[in-house]
Amino acid sequence: MLDPSVFAARRQAYMEALGPGAVAIVRSLPERVRNGDSHYLFRQHSDVAYLTGFPEPETTVVLRPGADGERVVMFVRPRDPELETWDGRRAGIEGARERYGADAAYPAAELDQRLGDLIANCEELHYALGLDPDMDLRVAAALARLRKSEKRGKRPPRAVVDPRAALHELRLHKSVEEVAILRKAAAITSEAHVAAMRAGRPGTFEYELEALVDFTFRKHGGAGPGYTTIVGAGENATILHYVENRCALAAGDLVLIDAGCEYHHYTADVTRTWPASGRFTPAQRELYDLVLEAQEAAVAAVRPGVTLDDLHQQVIRRLTEGMVALGLLEGPVDARIEDLGYKKFYMHGTSHWLGMDVHDVGAYTRGGKPRPLEPGMVITVEPGLYVAVDAPGVPERLRGLGVRIEDDVLVTAGGHENLTAACPKRVADLEAICGA
Ligand code: GLY
Ligand code: MN
Ligand code: MN
């Protein structure tokens, strides 16, 4: 979908941010065994995908902004007709150069022998320590070898710098092309949620809805879910990361689905909560109306200059006022905010960065303080309330109810654009769809 010039421009922007004294190593994560000799489906590390679009495992990208010739160096799996017959096509050395923009490309097996020369004498080595112990050891070995060769004119980098410093700042600010892809991911995701609302009724299994959501993603060209889909009916909706998805919907249940389509390496992240039988009960409405009001108010507040912490504090206050009014918490409101009593029913954050990773990269603070939003950032807004079925001292009518409402919001110069506005969340709309 993206033209090679887009990746070239990203690499150029990254190299400008690095400056001539720095070198960056970006690498795919190892393939993982699922069981026996089966592997989990490989999905490229987002940093590698961002800079090259190269989809294969065992890929290392070395960017050298200060080099005369070979500024973009890739190590990839070489062509191998016999292995390709078993495991699929490879771009190979030539493909990396001709289709993926490498100035030079080498077989993955030559990484260790070449890495030292590629990073020698730079000031900063930008590399994500701690993700892949095997690669950490290989980088450390290259540094150790360079320490011994200083008299021959090759010294190790002065510092190892986390990719958050430069690369993840670029990924945090979405370009026009990235927003277009996220918009598509959002549109497919909205359609999938509506398909689940239409199909779900008492007796439907949670996994059927998961499969329908996945099918809808794939039917529209998505890669599948960008994170494990959550389908929680009844009290399962009160478990934040419920992914078993194995129960049947019962009459009168609320159904919480948190699912986002990954499209060209970018994922949406949307949650909707709706009545399995087509109508909210009065008690469900009490909780749902409160979460929806808090969610809409927080979305409305998104604009440049506001911080994610501002949004969170606003949501906490509104939800806590509502929880006191509903009898979930004892007042006063300020005391329950002060002593974090609200966390019994609202225990997660309101927002996170969204992009290639569902919890996308980018620093959340500047100088120890929450950073102001800027145009081009994409965030989620996702308040919820979760009343465990055995929570002590709560009104009977609210036990076992879980509600979350989550949209994906682009910060614009003038305020914001809700990328998932097409996904219904008003009570009348949900009842019309679910009751049909
Ligand atoms: N689906 C993960 C989240 O909402 O943060
Ligand atoms: Mn989220
Ligand atoms: Mn989510």
Side-chain angles (χ1 to χ4, degrees), residues 17 46-47 50 126 128 130 161-175 178-179 182 227 240-241 258 260 266-271 290-291 293-323 333-386 404-420:
S46 297
D47 285 343
Y50 179 80
H126 288 239
V161 180
D162 194 80
R164 301 162 70 76
L167 180 55
H168 293 175
E169 279 302 301
L170 292 176
R171 279 182 52 192
L172 176 57
H173 295 84
K174 273 69 178 175
S175 65
E178 292 177 288
V179 170
L182 276 165
Y227 55 91
L240 296 183
H241 293 154
D258 184 344
Y266 290 79
T267 191
D269 180 10
V270 173
T271 308
L290 171 56
V291 174
E293 187 204 319
Q295 202 262 358
E296 289 186 322
V299 171
V302 175
R303 69 181 74 90
V306 166
T307 69
L308 296 188
D309 191 56
D310 294 334
L311 300 179
H312 190 46
Q313 295 309 323
Q314 170 185 331
V315 163
I316 287 170
R317 176 155 295 276
R318 183 64 202 103
L319 290 183
T320 306
E321 287 167 358
M323 285 188 271
V333 169
D334 284 337
R336 294 298 79 79
I337 293 174
E338 179 72 21
D339 69 9
L340 309 181
Y342 65 85
K343 284 198 170 188
K344 196 162 142 197
F345 307 107
Y346 183 45
M347 58 296 276
H348 60 74
T350 297
S351 302
H352 53 80
W353 309 133
L354 183 70
M356 300 184 93
D357 299 323
V358 62
H359 298 151
D360 207 27
V361 292
Y364 281 93
T365 53
R366 278 259 184 274
K369 295 210 189 89
R371 73 189 289 175
L373 293 176
E374 298 163 40
M377 292 174 170
V378 178
I379 66 169
T380 65
V381 179
E382 51 177 303
L385 285 175
Y386 314 90
R404 177 164 66 257
I405 304 170
E406 176 173 28
D407 280 310
D408 303 341
V409 182
L410 167 70
V411 184
T412 62
H416 66 270
E417 176 188 338
N418 183 350
L419 299 176
T420 46

>> I'd like to check Leu373 versus Thr307 (side-chain heavy atoms, cut-off strictly below 4.5 Å). Are they in contact?
In response: no
>> As an exercise, state the distance from CD of Glu296 to CD1 of Ile405, rounded to the nearest 0.5 Å.
In response: 7.5 Å
> Sequence neighbours excluded, which residues qualify as side-chain hydrogen bond (donor to acceptor under 3.5 Å, both in side chains) partners of Thr420?
Replying inline: Asp407, Asn418
> For Val270 and Glu406, what are the C-alpha separation, side-chain angles and deciding distance, and is it a side chain to side chain contact (heavy atoms under 4.5 Å, CB included)?
Replying inline: CA-CA 5 Å; Val270 173; Glu406 176 173 28; 5.6 Å; no
>> For the CZ atom of Arg164 and the NE2 atom of His126, what is their distance to the nearest 0.5 Å?
In response: 14.0 Å
>> Using only atom types and a distance under 3.5 Å, with no angle test, would you say the side chain of His352 pairs donor to acceptor with the backbone of Val358?
In response: yes
> Given Leu340, which of Arg336, Lys344, Lys343, Glu338 fulfils the side-chain contact (heavy atoms from CB on, under 4.5 Å) condition?
Replying inline: Lys343
> Within the distance-only criterion (no hydrogens, no angle test), does the side chain of Glu417 pair as donor or acceptor with the backbone N or O of Thr412 below 3.5 angstrom?
Replying inline: no
> Hey, are His168 and Asp47 close enough side-chain-wise for a donor-acceptor pair under 3.5 Å?
Replying inline: yes
>> Once rounded to the nearest 0.5 Å, what's the spacing between atom OG1 of Thr380 and atom CG of Leu354?
In response: 7.0 Å
>> Regarding Arg317 and Asp334, does a basic nitrogen lie under 4.0 Å from an acidic carboxylate oxygen?
In response: yes
>> Could you check whether any side-chain N or O of His416 sits under 3.5 Å from a backbone N or O of Val411, counting only pairs where one atom can act as donor and the other as acceptor?
In response: no
> Does the side chain to side chain contact (heavy atoms under 4.5 Å, CB included) test come out yes or no for Tyr50 and Leu170, once each step is laid out?
Replying inline: CA-CA 10 Å; Tyr50 179 80; Leu170 292 176; 3.7 Å; yes
> Minimum heavy-atom separation for Pro383 to Val315, with atom names?
Replying inline: CB-CG1, 3.7 Å
>> With salt bridge (Lys or Arg N to Asp or Glu O under 4.0 Å) as the rule and sequence neighbours excluded, what pairs involving residues 360-370 come up?
In response: Glu169-Arg366, Arg171-Asp360, Lys174-Asp360
> Can any side-chain N or O of Asp357 pair as donor or acceptor with the backbone N or O of His359 at less than 3.5 Å?
Replying inline: no
>> For a quick test of reading the model, state the closest non-hydrogen atom pair linking Val361 to Trp353 and the distance between them.
In response: O-CD1, 3.5 Å
> Leu290 and Arg318: side chain to side chain contact (heavy atoms under 4.5 Å, CB included), yes or no, with the steps?
Replying inline: CA-CA 8 Å; Leu290 171 56; Arg318 183 64 202 103; 4.1 Å; yes
> Looking at residues at least two apart in the chain, or sitting in another chain, which of them share a side-chain hydrogen bond (donor to acceptor under 3.5 Å, both in side chains) with Tyr227?
Replying inline: Asp258, Asp269
> Mind checking whether His348 and Tyr386 have ring centres under 6.0 Å apart?
Replying inline: yes
> Of the non-hydrogen atoms in Leu311 and Ala301, which two are nearest, and what is the gap between them?
Replying inline: CD2-CB, 3.8 Å
> In Å, rounded to the nearest 0.5 Å, how long is the span from CG of Leu308 to CD of Gln313?
Replying inline: 11.5 Å
> Looking at Gly415 and Pro304, what are the two nearest heavy atoms and their distance?
Replying inline: O-CD, 3.8 Å
>> Whether the side chain of Arg371 engages the backbone of Ala363 through a donor-acceptor N/O pair (distance < 3.5 Å, no angle test) should be reported.
In response: yes
> Taking Leu319 as the fixed residue, which of Tyr346, Phe345, Tyr342 is the one that meets the side-chain contact (heavy atoms from CB on, under 4.5 Å) rule?
Replying inline: Tyr346
>> Between Val409 and Val378, is the side chain to side chain contact (heavy atoms under 4.5 Å, CB included) condition met? List the steps.
In response: CA-CA 6 Å; Val409 182; Val378 178; over 6 Å; no
> With distance as the sole test, does Glu178 use its side chain to make a donor-acceptor pair with the main-chain N or O of Ser175 at under 3.5 Å?
Replying inline: yes
> Could you give the distance from CG (Leu167) to CG (Leu172), rounded to the nearest 0.5 Å?
Replying inline: 11.5 Å
> Would you say Met377 and His173 make side-chain contact, with heavy atoms under 4.5 Å?
Replying inline: yes
